[in-house]
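Reviewing the structure listed below.
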Amino acid sequence: MGATVLGLMSGTSADGVDAVLARFDGAPRQPSWRVINAIHHPYPLPLRQQLLDAGQGVLLSAAQWLELRQAVSEAQAACAAAADPNKQASLVGCHGQTLWHQPPQAGQCGASWQLLDACLLAERLQRTVVSDFRSADLARGGQGAPLVPLTDAALYPAQGGWRALLNLGGIANLTLLPPGQGRDQQPVQGWDCGPANTLLDLAIEHFSGGNSHFDEGGRWALQGQVNEAVVQRWLQEPFFQQPPPKSTGRELFGRPDLQRRLQELGESINPADALATLAALSAAAVAADLQRGPAVVEMLVAGGGCRNQALMQQLQSRCRGLWVRSFESLGLNPQHREALAFALLAWWRQLGLPGSALAITGARAGLLGQVAEP
């Protein structure tokens, strides 16, 4: 049993599309796998700005919404064609572009909007496309996120002790993989910890007057001093105190939240100090969540945030006793982990295998994704 699948991922940062062309063979829940090709296709800056504005409530007409969906879908198709020029993949798993994520509240099901015209993508590529992975879990009462923990367990099983896998995209999310041996096998765990790059990127745009969109290498934040008292106060906020399962996005950690935090830091705050404090908040939220769970031996870090040295230094400082290292140590570019995950989720959907679990999202296990045929 096997399949060649193309995974497409565009995260909360809305910086572009990551594509991974992968081959899976053997048992679907523990496959052997290899990456055939992987690329990053950046969004044009005007498209990225439109997406960020739309996700923060800027009013658009119906025609503008359709144009935006068309532009995102064409960008996904262009990335897919570049990643798989020889059309090796028989199946495509596409996450779509998250605009808004609304977790369940007060007995109400949550909802999540991943912008994509899956039928258009299927026609452009002339292959089956699986997309809209979050809606089914949300309809069952789950968080709809994170969705990568079960794929993490399949692709990177723990060796000897609990292994943490941390993704630093727009949002920081954790997977905890139990030891692979022992009579009392515990379930895979996973949840969103809080902001990773969302607030940092918005702060860079704010302090640079829109001239920069991210802090390359964390160099600006490295020049600042952390306001630890403020970080500790922020950690008392309801989301950070909420136990898993939990999920979040720009609905909580967006522009209004950044403005509030900057006001709390003071109008005359040095930009470097603000960036250092925001990086410290992201790391402190992860460290606090780890302290509430089982004893973890190592933590592997993926996502664009692993290139931010200020953020990585804060993680290493606050997660003492853990071996903190990049996903590159597993032979995988940290930027490609999520695209690979959605390739595997698409294959599981095709095979009729659940892609979610009660211990992760809070909903019963079930199939994820809608299928569009060319």
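As the structure is a prediction and not an experimental result, all values here were calculated from the model.
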Got a salt bridge between [X] and [Y], using NZ or NE/NH1/NH2 to carboxylate O under 4.0 Å?
{"X": "Arg134", "Y": "Asp132", "answer": "no"}
{"X": "Arg337", "Y": "Asp18", "answer": "no"}
{"X": "Asp192", "Y": "Lys246", "answer": "no"}

Does any non-hydrogen side-chain atom of [Y] lie less than 4.5 Å from one of [X]?
{"X": "His101", "Y": "Thr248", "value": "no"}
{"X": "Leu322", "Y": "Val297", "value": "no"}
{"X": "Arg29", "Y": "Leu353", "value": "yes"}
{"X": "Pro104", "Y": "Cys109", "value": "no"}
{"X": "Trp100", "Y": "Gln102", "value": "yes"}
{"X": "Arg127", "Y": "Ser90", "value": "no"}
{"X": "Leu300", "Y": "Ser326", "value": "no"}
{"X": "Arg23", "Y": "Ile36", "value": "yes"}

Practice prompt. Using atom types as modelled and distance alone, determine if a side-chain donor or acceptor of Thr98 lies under 3.5 Å from a backbone N or O of Gln114.
Written response: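 Side chain of Thr98 to backbone of Gln114, a donor-acceptor pair under 3.5 Å: no, none is there.
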Over 12 non-hydrogen atoms of neighbours within 6.0 angstrom of [atom1] in [X]:
{"X": "Gln241", "atom1": "CD", "answer": "yes"}
{"X": "Glu237", "atom1": "CD", "answer": "yes"}
{"X": "Arg233", "atom1": "CZ", "answer": "yes"}

Worksheet item: In a check of side-chain contact (heavy atoms from CB on, under 4.5 Å) between Val72 and each of Leu99, Val17, Leu115, which one passes?
Response: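 Testing each of Leu99, Val17, Leu115 against Val72, the sole residue satisfying side-chain contact (heavy atoms from CB on, under 4.5 Å) is Leu115.
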Solution key, residues 49-58 side-chain donor-acceptor pairs under 3.5 Å, sequence neighbours excluded:
from  : atom 1 : to     : atom 2 : distance (Å)
Gln49 : NE2    : Asp53  : OD1    : 3.1
Asp53 : OD1    : Arg255 : NH2    : 3.4
Gln56 : OE1    : Arg255 : N      : 3.2

Worksheet entry | Taking every non-hydrogen atom, the tightest pair across Ala346 and Val5 |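 Between these two residues, the closest heavy atoms are CB-CG1, 4.3 Å.
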Holding to salt bridge (Lys or Arg N to Asp or Glu O under 4.0 Å), I want the full list of residues that pass it with [X], two or more places apart in sequence or in another chain.
{"X": "Arg318", "value": "Glu228"}
{"X": "Glu216", "value": "Arg219"}
{"X": "Glu328", "value": "none"}

Worksheet item: Which pairs count as side chain to side chain donor-acceptor pair (under 3.5 Å) when at least one residue sits in residues 284-307, sequence neighbours excluded?
Response: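 Every pair satisfying side chain to side chain donor-acceptor pair (under 3.5 Å) with a residue in residues 284-307: Arg163-Glu298, Trp191-Asp289, Asp289-Arg292, Glu298-Arg325, Arg307-Gln335.
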Worksheet entry | Proximity of Trp162 and Trp323 rings by center, below 6.0 Å |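 No - the distance between ring centres of Trp162 and Trp323 does not fall below the 6.0 Å cut-off.
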Practice prompt. Evaluate the criterion side chain to side chain contact (heavy atoms under 4.5 Å, CB included) for residue pair Leu68 and Leu60; output intermediate values, then yes/no.
Written response: CA-CA 10 Å; Leu68 187 58; Leu60 298 178; 4.1 Å; yes
Worksheet entry | Residue pair Asp137, Thr361: steps toward the side-chain hydrogen bond (donor to acceptor under 3.5 Å, both in side chains) verdict | CA-CA 8 Å; Asp137 185 76; Thr361 67; 2.7 Å; yes
Which pairs of donor and acceptor atoms, one on a side chain in residues 194-207, lie under 3.5 Å apart (sequence neighbours left out)?
from   : atom 1 : to     : atom 2 : distance (Å)
Asn197 : ND2    : Leu168 : O      : 3.1
Asn197 : ND2    : Gly169 : O      : 2.9
Thr198 : OG1    : Gly170 : O      : 3.3
Glu205 : OE2    : Arg48  : NH1    : 3.2
Glu205 : OE2    : His213 : ND1    : 3.1

Discussion item. Let me confirm one number: the CG-CE distance from Leu174 to Met299, rounded to the nearest 0.5 Å.
Written reply: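 It comes to 7.0 Å.
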Worksheet entry | Approximate separation, where rounding is to 0.5 Å, of Asn333 CG and Leu340 CG |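 Output value for this atom pair is 11.5 Å.
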Discussion item. Does either side chain, that of Glu264 or that of Trp234, offer a donor lying less than 3.5 Å from an acceptor on the other one?
Written reply: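 Yes, Trp234 and Glu264 have a side-chain donor paired with an acceptor closer than 3.5 Å.
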